[in-house]
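Take a look at the structure set out below.
We use all heavy atoms of the structure for the numbers below, so side chains are in, but hydrogens, waters and symmetry mates are not. Counting from 1, the numbers follow the sequence of the chain as shown.
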Amino acid sequence: MLLWNNLLSVLSALVYSVEKLDGFENGLVDDASIINTTITGESRVHQYNQGIEDNSIVGAVNYGNASSCPKAAKYGTGPPESCTQPTDPNNMPASELESWFTQEMFEDLFPFANLGWGPSSCWPYSYEAFKIASRYFPEFGTSINVTNTVYTADENKKRDLAAFFAHAVQETGENNIALYDTLADQDASNCFYRGGFYNWFEGGPTSSFLDPKTPGYTPADGASCASAGQYCSASSQITYFYPCSTEAVNNTAAPYKGCYFGRGAIQISYNYNYGQFQDWLKSVNINVDLLNEPNLVMTKMDPPLAVLASLWFYMTPQPPKPAMHDIVMGNWNSGAKNSAAGYDGPIFGPTSLIINNECSGEDPTNPGGPGESRRIKAFKWFCGYFDAPTGPEETLSCKNMPVPLDQIFYNLSYQPDWSSTWKEVPCTCAPASYGGLIYYYDPDYYPASFVAQNDYNRLKCIASIYANPSMYSMDNSTSPCLNY
């Protein structure tokens with residue numbers, strides 16, 4: 001029934017589009033043929049792609065298909081014949097995303113995933129892994145809790161996926177610029193942006209962070225690293241909450257186990273991000289020690305963490321940074337000056353600022369350089385593929401955003417309540433205008449689901465005062481509250 005309904009949708013759309021053509025003459029159309037149409041005012045061309053039957057979403061004929069692309073370079077020996085398949089110990093319910101984004105679409109978009117071998121349920125990137133990860137974030141790729149009226153529900157969900165995939169192309173895509181030397185510009189772009197989910201490790205496919213004998217051609221290769229891959233950030237609070245592993249292995253080329261370099265689709269990096277992701281996993285009854293075994297991000301399949309870690313980072317705000325998802329969906333407060341300049345509502349530009357502090361704009365030629373330019377071009381391509389609007393050209397970049405996110409002043413974290421630490425009363429915590437690892441979600445700036453975490457975070461802050469007062473430069477003599 002679902003297939004029949006989707007076929008009816010495709011045929012209805014084709015009939016409507018063909019009837020709009022000037023000079024159209026009645027005739028028979030083979031079901032495998034490509035039909036070019038122009039929709040008034042939109043200039044979008046549509047197609048019916050043979051081999052993607054269940055797909056009334058994909059439209060534009062000039063976006064091609066995976067089979068028309070040159071094969072990508074392959075590294076390693078390919079996926080094993082047998083393996084542990086991705087599973088979900090929590091058996092989360094299906095996401096609405098699955099009703100429109102199909103396995104056929106995933107495999108058409110990412111034919112060169114996993115170092116060129118293609119999607120595989122034995123390796124980090126597959127539709128099954130993507131599907132399981134998305135179930136933990138039911139707002140992703142859907143219109144749930146989206147209130148903007150700029151775009152339709154259908155457009156919002158497509159733009160959400162387009163944004164996530166755009167960042168994945170920049171972070172872990174093959175990014176084969178040589179395609180533009182041998183193919184027409186549009187054909188090259190069709191293949192270039194199908195190169196997402198290619199790499200597993202930062203610097204891949206052959207990562208300089210790893211032992212040259214095991215340079216990243218299997219997910220297990222990331223178990224240890226050279227010193228450059230440690231990415232261990234230290235401060236009194238970071239070291240308390242998210243200490244780096246000091247364990248070593250007998251491998252002179254890659255002796256360190258505490259390796260927090262980038263892993264996964266959009267490259268989760270640094271010990272504090274691994275630690276916060278670990279905290280979130282615990283909140284959904286998944287107990288895993290990523291601080292001591294960070295490479296589990298690439299190897300754990302129950303649930304598959306390589307995609308889940310990236311979705312967590314995309315969907316989760318870290319004040320003063322909103323979630324990238326919330327920016328694309330318009331569920332954020334950019335402040336008065338940014339809003340007056342058009343930087344508010346459902347836009348793409350500030351997401352590049354969040355993921356890697358990039359605001360250099362889009363290069364004029366294709367494929368252009370890496371960084372924000374590639375993110376913008378990829379977002380445009382995926383929006384075209386999904387037949388969704390990109391939004392105003394100006395706000396595709398954060399280049400002209402008047403006020404950076406960290407200069408929009410509001411309370412960001414829970415800290416000791418300095419107004420009472422000197423009193424003979426129990427210590428407590430209060431929101432503070434400077435950053436920290438225990439977030440305060442200001443109700444004027446963050447969605448209600450995160451604001452609801454404030455009470456828990458306040459108690460976490462209080463407990464940390466008593467457990468380790470020195471990280472706040474407190475002791476019993478200067479802070480009598482510790483005696484209570």
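- Side-chain rings of Y270 and Y274 stay apart, their centers remaining 6.0 Å or farther from each other.
- Side-chain contact, Y127 with T102: no donor N or O sits under 3.5 Å from an acceptor N or O.
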Legend entry - side-chain contact (heavy atoms from CB on, under 4.5 Å) assessment of K282 paired with N287: CA-CA 5 Å; K282 186 176 181 180; N287 294 305; 3.6 Å; yes
Inset, instruction - Could you check K131 against E128 for salt bridge (charged side-chain N to carboxylate O under 4.0 Å, His left out), going step by step and ending with a plain yes or no? - result: CA-CA 5 Å; K131 181 173 68 174; E128 187 64 24; 3.2 Å; yes
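- Among pairs with a residue in residues 436-449, those fulfilling side chain to side chain donor-acceptor pair (under 3.5 Å) read Q276-Y439, Y410-Y446, at least two apart in sequence or across chains.
- Counting only distance, with no hydrogens or angles, the side chain of Q230 and the backbone of Y260 share no donor-acceptor pair below 3.5 Å.
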Inset, instruction - Take Y231 and E202, measure what side-chain hydrogen bond (donor to acceptor under 3.5 Å, both in side chains) needs, and give me the verdict at the end. - result: CA-CA 11 Å; Y231 281 33; E202 184 175 349; 2.6 Å; yes
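- In this structure, S143 contributes its side chain and V146 its backbone to no donor-acceptor pair below 3.5 Å.
- Taking both residues in full, the closest heavy atoms of A309 and V297 are given as CB-CG1, 4.2 Å, listed atom of the first, atom of the second, then distance.
- Using a 30° and 60° split on the angle between ring planes, Y125 and F197 fall in the tilted class, from 30° to 60°.
- Atom CG of D363 is separated from atom CD1 of I376 by 9.0 Å, given to the nearest 0.5 angstrom.
- The line from CG of N400 to OG1 of T395 is 10.5 Å long, rounded to the nearest 0.5 Å.
- Under 4.0 Å is where a charged nitrogen must lie from a carboxylate oxygen, and between K300 and D302 at least one such pair does.
- In summary, the side chains of N175 and Y198 do not present any donor paired with an acceptor at a separation below 3.5 Å, with no hydrogens or angles considered.
- Nearest heavy-atom pair across L291 and F241 is CD1-O, 4.3 Å.
- Looking at D160 and Y314, their side chains do bring a donor and an acceptor atom within 3.5 Å of each other.
- Taking all atoms of both residues into account, the shortest heavy-atom contact from S126 to P119 is CA-CB, 4.3 Å.
- Atom CD1 of residue I132 and atom CG of residue L308 lie 9.5 Å apart, to the nearest 0.5 angstrom.
- Ion pairing between a basic and an acidic side chain is recognised when a charged N comes within 4.0 Å of a carboxylate O; E171 and R375 show such pairing.
- With hydrogens and angles disregarded, a donor-acceptor distance shorter than 3.5 Å links the side chain of R159 to the backbone of T390.
- Here the CD atom belonging to Q267 is positioned 10.0 Å from the CG atom belonging to N356, to the nearest 0.5 angstrom.
- A distance-only check finds no donor-acceptor pair linking the side chain of S68 to the backbone of G64 [under 3.5 Å].
- When only modelled atom types and interatomic distance are considered, W200 and D221 share no side-chain donor-acceptor pair under 3.5 Å.
- Ring pair F386/W100 is perpendicular by interplanar angle, where above 60° counts as perpendicular and below 30° as parallel.
- At distances below 3.5 Å, not a single donor-acceptor pair connects side-chain atoms of N190 with backbone N or O atoms of N65.
- To the nearest 0.5 Å, atoms CD1 (I347) and OG (S334) are separated by 7.0 Å.
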Legend entry - Stepwise side-chain contact (heavy atoms from CB on, under 4.5 Å) check, W123 with W117: CA-CA 10 Å; W123 271 356; W117 294 93; 3.6 Å; yes
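- In this structure, a donor-acceptor pair under 3.5 Å is absent between the side chains of S397 and E362.
- For the pair P319 and S413, the minimum side-chain heavy-atom distance is 4.5 Å or more.
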Inset, instruction - Take W381 and Y63, measure what ring pair (Phe, Tyr, Trp, His ring centres under 6.0 Å) needs, and give me the verdict at the end. - result: CA-CA 8 Å; W381 190 88; Y63 290 83; 5.6 Å; yes
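- Under the 3.5 Å distance criterion, the side-chain polar atoms of Q186 are matched with a main-chain donor or acceptor of N62.
- Under a 4.0 Å N-O distance rule, the pair E98/R135 qualifies as a salt bridge.
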Inset, instruction - Might you work through the ring pair (Phe, Tyr, Trp, His ring centres under 6.0 Å) test for F140 and F164, ending with a clear yes or no? - result: CA-CA 10 Å; F140 174 65; F164 180 77; 5.5 Å; yes
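- Looking at K321 and D406, no side-chain N of the basic residue comes within less than 4.0 Å of a carboxylate O on the acidic one, giving no salt bridge.
- Between the side chain of S283 and the main chain of W280, a donor-acceptor pair closer than 3.5 Å is present.
- Defined by atom type and a distance below 3.5 Å, a donor-acceptor pair is present between the side-chain atoms of S339 and D344.
- Minimum heavy-atom separation, P124 to P219: CD-CG, 3.8 Å.
- With 3.5 Å as the limit, one finds a donor-acceptor pair spanning the side chains of N292 and D289.
- Within a 6.0 Å sphere centred on CD1 of I177, other residues, nucleotides and ligands contribute 12 heavy atoms or fewer.
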Inset, instruction - Before giving the answer on side-chain contact (heavy atoms from CB on, under 4.5 Å), spell out for I286 and Y136 the whole-Å C-alpha distance, their side-chain angles and the decisive distance to 0.1 Å. - result: CA-CA 12 Å; I286 299 169; Y136 281 86; 3.7 Å; yes
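- A donor atom on one side chain and an acceptor atom on the other are found under 3.5 Å apart for Q85 and S121.
- Interatomic distance, CD of Q415 versus CD1 of I438, reported as 7.5 Å (0.5 Å rounding).
- With no hydrogens or angles considered, a side-chain donor-acceptor pair links Q318 and N273 at under 3.5 Å.
- A cation-pi arrangement is absent between R263 and F201, since the terminal nitrogen or guanidinium carbon is not both under 6.0 Å from the aromatic centre and inside a 45° cone about the axis.
- Distance alone, capped at 3.5 Å, places no donor-acceptor pair between the N156 side chain and the D154 backbone.
- Aromatic pair H167/F348: centroids less than 6.0 angstrom apart.
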Inset, instruction - Could you give me the CA-CA distance, side-chain angles and deciding distance for S235 and Y240, then say whether side-chain hydrogen bond (donor to acceptor under 3.5 Å, both in side chains) is met? - result: CA-CA 8 Å; S235 71; Y240 173 72; over 6 Å; no
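- Using modelled atom types, one finds a donor on one side chain and an acceptor on the other under 3.5 Å when comparing N366 with K377.
- Residue-environment remark: NZ (K460) exceeds the threshold of 12 foreign heavy atoms within 6.0 Å.
- Just one of Y193, F379, F110 meets the ring pair (Phe, Tyr, Trp, His ring centres under 6.0 Å) condition when paired with F165; it is F110.
- In this structure, S310 contributes its side chain and A265 its backbone to a donor-acceptor pair below 3.5 Å.
- E393 and K380 are joined by a salt bridge, as a carboxylate oxygen and a charged side-chain nitrogen come within less than 4.0 angstrom of each other.
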Legend entry - Working for side-chain contact (heavy atoms from CB on, under 4.5 Å), residues L290 and L281: CA-CA 10 Å; L290 296 181; L281 287 171; 4.1 Å; yes
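- In this structure the side chain of P346 never reaches within 4.5 angstrom of the side chain of V328, judged on heavy atoms.
- Listed for the D88 side chain is a donor-acceptor partner under 3.5 Å among the backbone atoms of N90.
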